[in-house]
Trainee: 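I have a structure here, written as structure tokens, and I will follow up with some questions on it.
Only a predicted model underlies this, so the values are computations on that prediction, with no experimental measurement involved.
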Amino acid sequence: MPNKPSDSTKPIVSAPEITARFGITQAELAQLTGVDHRAFSKNEVKRKLDEAVRPLARIFTMASEMTGSDEQAALWFKHKPIPGWAGKTAFDLVSARKADQVLAYLEAVQLGAYS
């Protein structure tokens with residue numbers, strides 16, 4: 001039986017799709033992922049971008065489920081301070097490479113630990 005490519009080799013979405021869904025600019029996507037926005041379309045950068053976007057996609061999926069829409073999730077992501085982080089938003093924390101902390105917060109909220 002021939003080997004099928006694994007899901008991990010398939011890109012999630014393109015940079016324009018990501019920015020449209022998350023309500024951010026390509027410059028903001030570059031800031032959040034650490035990938036130069038001028039290189040988004042280059043094949044050698046697509047895998048790096050794909051890997052960098054995975055936590056961001058998880059955050060948006062969870063936030064969208066909790067808020068009821070991608071639009072509300074985008075507003076929350078950029079503007080709503082997360083308790084315990086001195087007024088920092090999810091955008092601020094992801095920019096500081098703390099996406100894992102945002103995911104932990106969202107998981108705790110889903111479990112009813114915070115409101």
Trainee: In Å and rounded to the nearest 0.5 Å, what is the CZ to CG distance from R21 to D70?
Mentor: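 Separation between the atoms: 4.5 Å.
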Trainee: F77: what forms a ring-ring contact (aromatic ring centres under 6.0 Å, His included) with it, not counting sequence neighbours?
Mentor: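 Per chain and number, F77 pairs via ring-ring contact (aromatic ring centres under 6.0 Å, His included) with F60, F91.
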Trainee: Check S95 against Q31 and note the closest heavy-atom contact, atom names and distance.
Mentor: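 Heavy-atom minimum between the residues: OG-NE2, 3.2 Å.
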Trainee: Can T89 and D92 be counted as having a side-chain donor-acceptor contact under 3.5 angstrom?
Mentor: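 There is such a pair between these side chains.
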Trainee: Kindly indicate, with the supporting measurements, whether the criterion side-chain contact (heavy atoms from CB on, under 4.5 Å) is fulfilled by K78 and I24.
Mentor: CA-CA 9 Å; K78 289 179 89 173; I24 58 177; 4.2 Å; yes
Trainee: If the condition is side chain to side chain contact (heavy atoms under 4.5 Å, CB included), which residues does E71 pass it with, not counting sequence neighbours?
Mentor: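 For E71, the residues satisfying side chain to side chain contact (heavy atoms under 4.5 Å, CB included) (neighbours in sequence not counted) are S69.
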Trainee: Taking the side chain from E28 and the backbone from T25, do they hold a donor-acceptor pair closer than 3.5 Å?
Mentor: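 Yes; judged by distance alone, with no hydrogens or angles, the pair exists.
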Trainee: P16: which residues meet the side chain to side chain contact (heavy atoms under 4.5 Å, CB included) condition with it, sequence neighbours left out?
Mentor: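 Partners of P16 under the side chain to side chain contact (heavy atoms under 4.5 Å, CB included) test: S14, Q26.
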Trainee: State, yes or no, whether a side-chain contact exists between W76 and M66 at a heavy-atom distance under 4.5 Å.
Mentor: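 No, their side chains stay 4.5 Å or more apart.
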Trainee: Which heavy-atom pair separates A63 from L106 by the least distance, and what is that distance?
Mentor: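 Answer, listing the atom of A63 first, then L106: N-CD1, 4.5 Å.
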Trainee: Rounded at 0.5 Å granularity, tell me how far CD1 in I18 sits from CG in L56.
Mentor: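 Separation between the atoms: 7.5 Å.
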Trainee: Between V53 and V35, is any pair of side-chain heavy atoms under 4.5 Å apart?
Mentor: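 When only atoms from C-beta onward are counted, V35 and V53 do not touch, as no gap falls below 4.5 Å.
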Trainee: Heavy atoms, side chains only, cut-off 4.5 Å: are V94 and K98 in contact?
Mentor: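 They are not in side-chain contact.
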Trainee: Could you tell me the separation between the OG1 atom of T67 and the NZ atom of K80, rounded to the nearest 0.5 Å?
Mentor: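 If I round to the nearest 0.5 Å, the distance is 12.0 Å.
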Trainee: Heavy-atom distance under 4.5 Å between the side chains of L103 and M62, does that happen here?
Mentor: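 L103 vs M62: side chains touch.
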Trainee: Answer yes or no: is there a donor N or O on one side and an acceptor on the other, between the side chain of R97 and the main chain of L32, under 3.5 Å?
Mentor: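 Checking the backbone N and O of L32 against the side chain of R97, a donor-acceptor pair under 3.5 Å is found.
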Trainee: Would you find a donor on one side and an acceptor on the other, under 3.5 Å apart, between the side chain of S64 and the backbone of A73?
Mentor: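 Side chain of S64 to backbone of A73: no pair is present.
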